[in-house]
Participant: 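Take this structure, written in C-alpha cells, and hold onto it; I'll ask about it next.
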Number of protein chains: 2
Amino acid sequence: MALRHAVLAALLDEELSGYQLAKSFRLGVANFWHAQPQQLYVELTRLEKDGLISGREVVQESRPNKRVFTVTDAGRAELEYFTAAVAKPSVIRDDLLVKVYSADHVDSDILIVLLAERVESARDKIELIGELLRTLRGDRTEEEFLRRGERVGPYLTGLRGLAFEQGNLEWCERAIAVLTQRQADRDNHA
Amino acid sequence: MALRHAVLAALLDEELSGYQLAKSFRLGVANFWHAQPQQLYVELTRLEKDGLISGREVVQESRPNKRVFTVTDAGRAELEYFTAAVAKPSVIRDDLLVKVYSADHVDSDILIVLLAERVESARDKIELIGELLRTLRGDRTEEEFLRRGERVGPYLTGLRGLAFEQGNLEWCERAIAVLTQRQADRDNHA
DNA sequence: AATTACATGTAACGTGTTACATGATTCG
DNA sequence: CGAATCATGTAACACGTTACATGTAATT
C-alpha cells in the first residue's frame, strides 16, 4: 500500500475529482510521489470500494460531469495508522544519474546536452513551486505563515521540493562545468 | 528497461558478483537507483541471458564460490544507446513526505519523531558518502580529481547524493522547528 | 482548424517487493 | 554462542507504466 496514502493525503483538505487530483499530483504531490493519472483513477476506485473515500457526482453544464471524492472517517483512521508506522527510506530513480555514473565510458557531448535539459526543467519546476508556495501563504511572510497558517503540511513539502530542484540545478551546472573542462583538456592534449 | 542500465553502469569499472553489486548499490548507486539484492540476482540472470554481461565462476576457499560479471561489447552498446535516449524525469517516492503533507490533520508528535529519525539516517548517509568520495579521489583535492581523475562519473553522482542528503537534513530540522513551534503556540493558547 | 483542457476509464504488460529457502564462515 | 558477512536464488504477489479507448468544450 503506497500510492493509496498519498491520495488520501491529497484529498484531506479538498474535495477533488480524479482529473483535479492528477493536477494536484503534477504540482504539489509530485515533490514526493509520482503517479500517472490512469493509476489515480484505479486507486480512487479501490479506495472507494474499501470505504476510505466516498465519491459524489457533480453535474456540470458545458463540461463533462465529474465525480469528486472526500476522505471518510475510516480513511482518516487509515492515514493516522500509516503515519504512526515507521517510514520506509525514500526511493529515488533517476535515469540521468545512471548516465552520469557511466560518464567515463560514454560520450560527454550527449551528457552535457541532457544535463542542460535538466537544468531547464529544474528552472521550470522552481518557478512552479514558487507560485504554489506564494498561493498557499497569500500575503503573509513565510515565517508568519509557517507559524500560524493553515495547511503547513503542503507548504513544508513544497519547500522540500523547491530545495530538491535547486539542488538539481546547481549539481547539473557543476557537472556540465566538469565535463566541459575535461573535454577541453583532452582536446588540448590531442 | 530500467534497473538493467543501472546494473550495467555499476559493472563498467569493476567485475562484481551479485553480492558485491548489492553492496555497491547500497553505497554509490543508491544515490540514484534503489534495488533489493534479490532483484539484482534476477537482473543479472536476465542480462547474462541477453548477452549484455558475461559471468565467470570464482572458486574461493573458506568462502562460498561466487560468479563475477563483466559488461560485454553488446552491453556497452546497449548503455550507449540508453544514454543517447531522452532521460525520463526522476522518480521520487517518500513516505515521510506523505506524512508531513498530512501534518495539519495528524498528530505532530509522531511526525517530529519520524523527522528526527530521518535526520539521523541522513547524517549516517552523509558520513558514508563522504568516505566514498574520499576513497575515490585518494589524496587529490576535489578540484584536481574532477579535472584529471578517472571515474568522475561515480564521483559526480556521489556529490548529488551528498547534496540530497544534506538537503534532507536541513529540511527535516526546519520542519521539526516549525511543528514544535506551532505546538508550543497551541499549548500556550489552551 | 488545431490544440489544449476537461473528464474517465480498461487491459496488457513490465517491474519491483516480500516472503521463502539454504548454508558456511568470521567476528565479537 | 549469537550476530553479521559472504553467497545465491525462486515464487507469489503488489504495484506501476503504457497503450488503447472516447468524447465535449474552450481557447488560440
Participant: In terms of side-chain geometry, is the basic nitrogen of A/Glu144 or A/Arg148 positioned less than 4.0 Å from the acidic oxygen of its partner?
Facilitator: yes
Participant: Mind calculating the distance between NE2 (A/His34) and C1' (D/dT18) to the nearest angstrom?
Facilitator: 17 Å
Participant: Taking CD from B/Gln36 and C1' from D/dT10, how many angstroms apart are they, rounded to a whole number?
Facilitator: 16 Å
Participant: Does one side chain, of B/Glu80 or A/His105, offer a donor that lies under 3.5 Å from an acceptor on the other?
Facilitator: no
Participant: Between B/Gln38 and B/Val91, which is nearer to the 5' end of DNA chain D once each is assigned its nearest nucleotide?
Facilitator: B/Gln38
Participant: Compare the minimum distances between each of D/dT17, C/dT10, D/dC6 and the side chain of A/Val42, then state the nucleotide with the smallest one.
Facilitator: C/dT10
Participant: A/Lys49 has an atom NZ; how far is it from atom P of C/dT10, in whole Å?
Facilitator: 12 Å
Participant: Consider the side chain of B/Tyr41, meaning its heavy atoms from C-beta on, and name the nucleotide among C/dG9, D/dA7, C/dA19 that approaches it most closely.
Facilitator: D/dA7
Participant: I'd like to know if B/Asp50 pairs up with B/Arg4 as an ion pair, taking the criterion as any Lys NZ or Arg NE/NH1/NH2 lying under 4.0 Å from an Asp or Glu carboxylate oxygen.
Facilitator: yes
Participant: Do we see a donor-acceptor contact under 3.5 Å between the side chains of B/Ser17 and B/Gln20?
Facilitator: yes
Participant: Within residues 16-26 of chain A, which residues have any heavy atom lying less than 4.0 Å from an atom of DNA chain D?
Facilitator: none
Participant: With heavy atoms under 4.0 Å as the rule, sort A/Arg46 into base, sugar-phosphate or nothing.
Facilitator: nothing
Participant: Taking only Lys NZ, Arg NE, NH1 and NH2, and the carboxylate oxygens of Asp or Glu, determine whether A/Glu131 and A/Arg134 approach each other closer than 4.0 Å.
Facilitator: no
Participant: Under 4.0 Å between a side-chain nitrogen and a carboxylate oxygen: does that hold for B/Lys88 and A/Glu117?
Facilitator: no
Participant: In this structure, how many angstroms lie between the P atom of C/dG16 and the CG atom of A/Leu3, rounded?
Facilitator: 17 Å
Participant: Round to a whole Å and report the spacing from CD of B/Gln39 to C1' of D/dA14.
Facilitator: 13 Å
Participant: Go through the steps for A/Val7 and A/Trp33 under the test side-chain contact (heavy atoms from CB on, under 4.5 Å), then give the verdict.
Facilitator: CA-CA 10 Å; A/Val7 171; A/Trp33 209 276; over 6 Å; no
Participant: Between C/dT25, D/dG16, D/dT18, which nucleotide gets closest to the side-chain atoms of B/Arg63?
Facilitator: C/dT25
Participant: Which residues within residues 55-62 of chain B lie with some heavy atom under 4.0 Å of an atom in DNA chain D?
Facilitator: B/Gln60
Participant: Quick one: B/Leu47 CG to D/dT8 P, roughly how many Å, whole number?
Facilitator: 15 Å
Participant: Please check if the side chain of B/Lys99 supplies one atom and the backbone of A/Ala85 the other of a donor-acceptor pair under 3.5 Å.
Facilitator: yes
Participant: Can you figure out which of C/dA7, D/dT17, C/dT18 approaches the side chain of A/Lys66 most closely?
Facilitator: C/dA7
Participant: Are B/Glu120 and B/Arg123 within salt-bridge range, i.e. N to O under 4.0 Å?
Facilitator: yes
Participant: Going by an N to O cut-off under 4.0 Å, is there a salt bridge joining A/Arg182 and A/Asp185?
Facilitator: no
Participant: What is the separation between atom CZ on A/Arg93 and atom P on C/dG14, rounded to the nearest whole Å?
Facilitator: 17 Å
Participant: Quick one: which of C/dG23, C/dT8, D/dG16 gets closest to the side chain of A/Arg67?
Facilitator: C/dT8
Participant: Over how many whole Å does the gap from B/Leu27 atom CG to D/dT5 atom P extend?
Facilitator: 12 Å
